[in-house]
There are 2 protein chains.
Amino acid sequence: MTETRNGDEAEPRPAEARAKSFQAVREAHRNELAEDYVELIAELISQFGEARPVDIAARMGVTAPTVAKTLDRLAREGLVARAPYRSVFLTPEGAALAEACLRRHEIVVRFLVRLGLDPETAEKDAEGIEHHVSERTLELLRDFADQT
Amino acid sequence: MTETRNGDEAEPRPAEARAKSFQAVREAHRNELAEDYVELIAELISQFGEARPVDIAARMGVTAPTVAKTLDRLAREGLVARAPYRSVFLTPEGAALAEACLRRHEIVVRFLVRLGLDPETAEKDAEGIEHHVSERTLELLRDFADQT
DNA sequence: ATTACAAGTTAGCCATGTCTAACTTAATGC
DNA sequence: GCATTAAGTTAGACATGGCTAACTTGTAAT
């Protein structure tokens, strides 16, 4: 039996298309942490001149060893540069990614606020949403936010 | 040195608030898979009368053993009921969760389409976004989508 | 009734992301 | 300059969510 189906009904949505969507979400999840880190690191650097693991930990809401492990991965991936017992810095690629993320983040926040959400909740929701917004959707959100 | 800071500048956003946002996102991620499964199972049941692991696998874009493992977890959590070599069904809690998710999913899709996105991309983006939308935001999206 | 094939399961591997506990290094204050 | 303490690292545990390979079960067709 392959998918008992009464033939004349319209296919709600092909199985493979859905599979692709879910695969894309999983893919997004894999990048998500990296994006949050470089975004935060960029911010810390512009605020304090450096990004220390302890500050990252406080803002990400995780412990220091978790930060260390993640930074190792990001270094492996060429997004950050680090030396033992020193602050973290972004590579050019890391900086580029951070900038793109920051831009996207701000668009999402601006959109949500424009929609009528309070800034605090907007920040919170944006944190989750931003990684799942396609380029096309981002444009639309921007247009909406920029509407007079 | 605790957070070198020049004192008179306004705090961009308190560290603990951000930590909370990220923790919320991680929390959402933990529920995400469960929600996607019950949502899909509900749909398969209404379409075909039953939800078979093989159909779930095809639509989630994963292999059968992965589905089996996940279904075991969902059963442990009381969301689905299953017997060896049989189709899967939802418990009352599972059905309730599925309904809530479906409702949310549709609002997000409707909103995106209303915004000007093509239905296919809307479905795709919704899959990622829906799990990160607060109740308040959902209301706003609904209002926007329902606007004449 | 047997056989063959599709579906489901089990076992075991791997990477990720979290944690705690224990240790090392660096910097600060006296 | 030495001791104290904060920051960073290392080791090791655990859960999750993927996978492949190999086995079992159920069913459909001859």
Side-chain angles (χ1 to χ4, degrees), chain A residues 1-5 15 19-20 22-38 40-41 44 48 50-77 79-89 128 131, chain B residues 1-4 15 19-20 22-38 40-41 44 48 50-77 79-89 127-128 131:
Chain A
M1 189 217 286
T2 51
E3 299 214 357
T4 313
R5 169 176 300 160
K20 271 215 190 155
F22 285 120
Q23 277 159 352
V25 173
R26 288 198 295 273
E27 172 68 20
H29 280 166
R30 235 171 305 135
N31 298 147
E32 204 162 316
L33 199 64
E35 295 182 352
D36 286 337
Y37 268 73
V38 298
L40 176 54
I41 290 166
L44 287 170
F48 303 123
E50 60 174 1
R52 300 185 310 160
V54 67
D55 294 331
I56 297 171
R59 285 165 182 74
M60 292 296 300
V62 298
T63 59
T66 298
V67 170
K69 219 191 247 188
T70 303
L71 290 177
D72 283 343
R73 172 164 78 83
L74 300 187
R76 233 190 300 130
E77 292 172 6
L79 294 171
V80 309
R82 62 194 312 238
Y85 297 99
R86 288 276 106 87
S87 286
V88 192
F89 295 93
H131 305 282
Chain B
M1 190 216 287
T2 52
E3 300 214 357
T4 312
K20 272 215 188 156
F22 285 119
Q23 277 159 353
V25 173
R26 288 198 293 274
E27 172 68 21
H29 280 165
R30 236 171 302 136
N31 297 146
E32 205 161 315
L33 199 65
E35 294 182 352
D36 287 336
Y37 268 72
V38 298
L40 176 54
I41 290 167
L44 288 170
F48 303 123
E50 60 175 2
R52 299 184 311 160
V54 68
D55 294 332
I56 297 172
R59 284 165 182 75
M60 291 296 300
V62 297
T63 60
T66 298
V67 170
K69 219 191 248 189
T70 305
L71 289 177
D72 283 343
R73 173 164 76 84
L74 299 186
R76 234 189 300 129
E77 291 172 6
L79 295 170
V80 309
R82 61 194 311 237
Y85 298 97
R86 288 275 106 88
S87 288
V88 192
F89 294 93
E127 219 68 82
H131 306 281

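Chain letters run A, B, ... following the sequence lines, proteins first and then strands; every chain starts at 1.
Rounded to an integer number of Å, the gap from B:Leu71 CG to D:dT16 P is 15 Å. We find that CG of A:Leu33 is positioned 11 Å from P of C:dT16, with the value rounded to whole Å. The CD-P distance, from B:Glu27 to C:dT18, rounds to 13 Å in whole Å. In this structure, CG of A:Asp55 is placed 8 Å from P of D:dA7, rounded to the nearest angstrom. If you measure from atom CZ of A:Arg52 to atom P of D:dT9, you get 12 Å, rounded to the nearest angstrom. Rounded to an integer number of Å, the gap from A:Asn31 CG to C:dT16 P is 12 Å. Note: CD (B:Glu35) to P (D:dG17) measures 12 Å, nearest angstrom. A:Tyr37 places its OH atom 14 Å from the P atom of C:dT16, with the value rounded to the nearest Å.
Once rounded to the nearest 0.5 Å, the distance linking NZ of B:Lys20 with CD of B:Glu27 reads 13.5 Å. With rounding to the nearest 0.5 Å, the separation of CG in A:Leu74 from CD in A:Glu35 is 11.0 Å. Atom CG of B:Asp36 and atom CZ of A:Phe22 lie 4.5 Å apart (nearest 0.5 Å). Atom CG of residue A:Leu44 and atom OH of residue A:Tyr37 lie 11.5 Å apart, to the nearest 0.5 angstrom.
Listed by chain and residue number, nothing satisfies the salt bridge (charged side-chain N to carboxylate O under 4.0 Å, His left out) test with A:Arg76 (two or more places apart in sequence, or in another chain). Judged as a side-chain contact (heavy atoms from CB on, under 4.5 Å), and not counting sequence neighbours, the contacts of A:Pro53 are A:Val67, A:Leu71, A:Val88. Applying the salt bridge (charged side-chain N to carboxylate O under 4.0 Å, His left out) test to A:Arg82 and every residue at least two apart in sequence or in another chain returns A:Asp72.
Each end of the helix from C:dA1-D:dT30 to C:dC30-D:dG1 gets its own rotation axis from five pairs of C1' atoms, and the angle between them is 10° to the nearest 10 degrees.
In this structure, the side chains of B:Val62 and A:Arg26 come closer than 4.5 Å at one or more pairs of heavy atoms. For the pair A:Thr70 and A:Met60, the minimum side-chain heavy-atom distance is 4.5 Å or more. Side-chain contact check for A:Val25 versus B:His131: every heavy-atom pair is 4.5 Å or farther apart.
The two atoms that bring A:Ala19 and B:Ala58 nearest to each other are CB-O, 3.3 Å, heavy atoms only.
Of the two residues near DNA chain C, A:Glu77 and B:Gln23, the one whose nearest nucleotide lies more 5' is A:Glu77.
Regarding contacts with the backbone of C:dG17, every side-chain N or O of A:Thr66 stays at 4.0 angstrom or more from both OP1 and OP2. Taking 4.0 angstrom as the limit, A:Arg73 places none of its side-chain polar atoms (N or O) nearer than this to OP1 or OP2 of C:dT16.
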Pick out the pairs of N or O atoms, protein on one side and nucleotides 10-15 of chain C on the other, that lie under 3.5 Å.
none

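For the segment residues 80-89 of chain A, the set of residues with a heavy atom within less than 4.0 Å of an atom of DNA chain C comprises A:Tyr85, A:Arg86, in numerical order.
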